[in-house]
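In this chain, residues are counted from 1 in sequence order.
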Amino acid sequence: MASLESMTANPKTDPRCVHTQAITKGINPSPQNRAFFNNLITLYSNHNLNSSALQLFHSIPCPNTVTWTSIISAFANSPTAIRLFLSMLRHPRQCLPNARTFATLLKTCASLSDNSLGPQLQSLSFKLSLHQNPFVGSAFVSLYCKTRDLDAARKVFDEMSDRDEVCFSAIINGLTQNKRPVDALRYFVEMKRQNVISTFYSISGALCAASRAAMLDQCMIIHGHAVVTGLDLDIYVGTALIDGYGKCGVVEEAVRVFNELEMELNVAGWNAMMAAYALLGRKENVVELLETEMWLNKMKMQYKLEPRIEHYTCLVGAMGKVGKLDEAEKVALTMPYEPDAAVWRVLLSSCANNKNPDVAWRMTEKLLEIDPNDDSAYVILANVFASASMWDEVKKVWKMMRDKRVRKEVGRSWIEVRGDLHVFFAGDRRHARKDEIFAKLTELMAEIEKLGYVPNSDEMLHELEEKEKRELLWYHSEKLAVAFGLLSGVTPPGKPLRIAKNLRICKDCHQAFKYISIVAEREIIVRDVHRYHRFLNGSCSCADSW
């Protein structure tokens, strides 16, 4: 019996062999042998032999909570797990779920379209006094984050009296994945205040949050923390560092981390590095990492990595940016993957850069076939038509959006100052220093006009009088963010201004920032939805292609 039990503890052992030996030795399911057969159910599950696991389960006359949990775990991510759980509650033995049962069920709930079971399970956890269990609490946090009920997730977390590293990791990653990076970072800070140990999961989640908000100072602080805790060489943390530094525009640091971990990195690490180069507009470096069949073969043979669609997307984007639209489209159509929305979107953006309305329309159709509600497709297409003064076509695009009830994402820009984010919308007058901001902006615009700045209204999506266009252009969100950053006491003299924007920077702001970098004698770094722009001494790192 002892040898059989040791065999069930080995995940590589064939469960059919173990079961056969048990039958040969006359070992039958009974209360005395229940632990052995509970483990055998799990072993069957680990070998994807769920039907055999279920058959064995039904042969056990007196299943206990562990038995039920084992078979429920075997069918995790399937409605069968829910049905088995209901059978458990209705069973004559009245077995009650334990912490592991709840964790498995909540994982199943997160994979199903019906989210109604989560609150019911939460009520049951209160009745059984399991809601304070960190294992159960973190599972509820993960569930509510995956179903985007962030208020419920935070409520569960905040009401827990015993929060461990798993709980903090769940709330940090859940908020990050739901585009709440600032809140995620606040929980990371709270985790450190409570002296809860860091894990690769919590650190990588915090780094992802910092990169989403383009908060370079936070990335550097978390990097230092990762070094102190010895987690900086973890693959997941390393990939998050590459992604974080890349999205903050510090590609040199991203390269350093990449080179340290190159042999250990998986495909995600390569994706992050190429995305960093592409975001900064360094087409030659993207090509260096991946362009020819030789590089693809090198990834396969030397690094044992299968190039994914993200690698081809970077290549398509690099080709499009240098005007090779036909070649880029050919790569998209001949690569060993079905082109996804990201591929067609990067091609559509290339059409906008090259002012090609005909190809832009074709790319838009491809993109909308995949995602009819993609507001960026309509906006980019409208920009292309507006640049060509095709106002009737612009109106048709807006009508399409109205007919399909697609809403354009509201543009906003933000700047990090001493760990706090200051967010601005176009014409925003909510800031406490609004009068100073608008006065500073008026001063800046007057100064750059002396240097030759002329308002660029090519991308105005409506026919307006020149005076109206001029006023609208002045108060774009990124201009307000820059004006705020240049106020006295906001950023130290000489320190680069780092602005992030959720949409593509417009041509007028791009042109204005070149001149402002001269007038203010500052480097201005803007991360828009497509890439990084480094404005210094009247020029931009993107070479006016974005």
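The number of heavy-atom neighbours closer than 6.0 Å to CZ of R256, taken from other residues, nucleotides and ligands shown, is above 12. Residue D158 places its CG atom among more than 12 non-hydrogen atoms of other residues, nucleotides or ligands, all under 6.0 Å distant. Crowding of M335 atom CE: a count of heavy atoms from other residues, nucleotides or ligands under 6.0 Å exceeding 12. Few gaps surround CD on E409; more than 12 heavy atoms of other groups in view lie less than 6.0 Å from it. The 12-atom threshold is exceeded at CZ of F438, counting heavy atoms of other residues, nucleotides or ligands nearer than 6.0 Å.
The distance from the CG atom of L105 to the OG1 atom of T101 is 7.0 Å, given to the nearest 0.5 Å. The line from CD1 of I171 to OG of S202 is 13.5 Å long, rounded to the nearest 0.5 Å. For the atom pair CD of E478 and CD1 of I505, the computed distance is 5.0 Å after rounding to the nearest 0.5 Å. Put simply, CD1 on I415 and CG on L480 are 11.5 Å apart, with the number rounded to the nearest 0.5 Å. In this structure, L207 CG and I222 CD1 are separated by 5.0 Å, a value rounded to the nearest 0.5 Å.
Looking only at atom types and distance, the side chain of S211 has a donor-acceptor partner in the side chain of D243 under 3.5 Å away. Looking at K479 and S413, their side chains never bring a donor and an acceptor atom within 3.5 Å of each other. A donor atom on one side chain and an acceptor atom on the other are not found under 3.5 Å apart for R504 and S349. Under 3.5 Å, the side chains of N39 and T42 contain no donor-acceptor pair of N or O atoms.
H47 contributes a side-chain N or O that, together with a main-chain N or O of L43, makes up a donor-acceptor pair within less than 3.5 Å. Looking only at distances, a side-chain donor or acceptor of Y532 sits under 3.5 Å from a matching main-chain atom of K247. Proximity of a side-chain donor or acceptor of N50 to a complementary backbone N or O of A74 within less than 3.5 Å is detected. S45 contributes no side-chain N or O that, together with a main-chain N or O of I41, makes up a donor-acceptor pair within less than 3.5 Å. A side-chain donor-acceptor contact under 3.5 Å links R498 to the backbone of C248. Formation of a donor-acceptor pair under 3.5 Å by the R412 side chain with backbone atoms of V423 is not found in this model. The backbone N or O of F425 lies less than 3.5 Å from no partner atom in the side chain of R430, so there is not a single donor-acceptor pair. Distance alone, capped at 3.5 Å, is enough to place a donor-acceptor pair between the T491 side chain and the G485 backbone. Without hydrogens or angle criteria, N77 side chain to S111 main chain gives no donor-acceptor distance under 3.5 Å. In this structure a side-chain-to-backbone donor-acceptor pair under 3.5 Å is missing from S142 to A170.
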Task: Residues L347, W344; criterion side-chain contact (heavy atoms from CB on, under 4.5 Å); working and verdict - done: CA-CA 5 Å; L347 272 171; W344 297 122; 3.8 Å; yes
TODO: Might you work through the side-chain contact (heavy atoms from CB on, under 4.5 Å) test for M215 and L185, ending with a clear yes or no?
DONE: CA-CA 10 Å; M215 299 174 76; L185 289 172; 3.7 Å; yes
Task: Test side-chain contact (heavy atoms from CB on, under 4.5 Å) applied to F168 and Q194, step by step - done: CA-CA 11 Å; F168 273 102; Q194 295 184 18; 3.7 Å; yes
TODO: Could you give me the CA-CA distance, side-chain angles and deciding distance for Y201 and E165, then say whether side-chain contact (heavy atoms from CB on, under 4.5 Å) is met?
DONE: CA-CA 9 Å; Y201 195 51; E165 65 275 13; over 6 Å; no
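Pairs of residues two or more places apart, or lying in two chains, that qualify as side-chain hydrogen bond (donor to acceptor under 3.5 Å, both in side chains) and include a residue from residues 169-180 are S169-T199, R180-D183. Counting only residues at least two apart or in different chains, salt bridge (charged side-chain N to carboxylate O under 4.0 Å, His left out) contacts with residues 127-151 are absent. Screening residues 195-218 for salt bridge (charged side-chain N to carboxylate O under 4.0 Å, His left out) gives D217-K495 as the qualifying pairs, with residues at least two apart or on separate chains.
Cation-pi contact between R433 and F484: absent, since separation from the ring centre below 6.0 Å together with deviation from the ring axis within 45° is not met.
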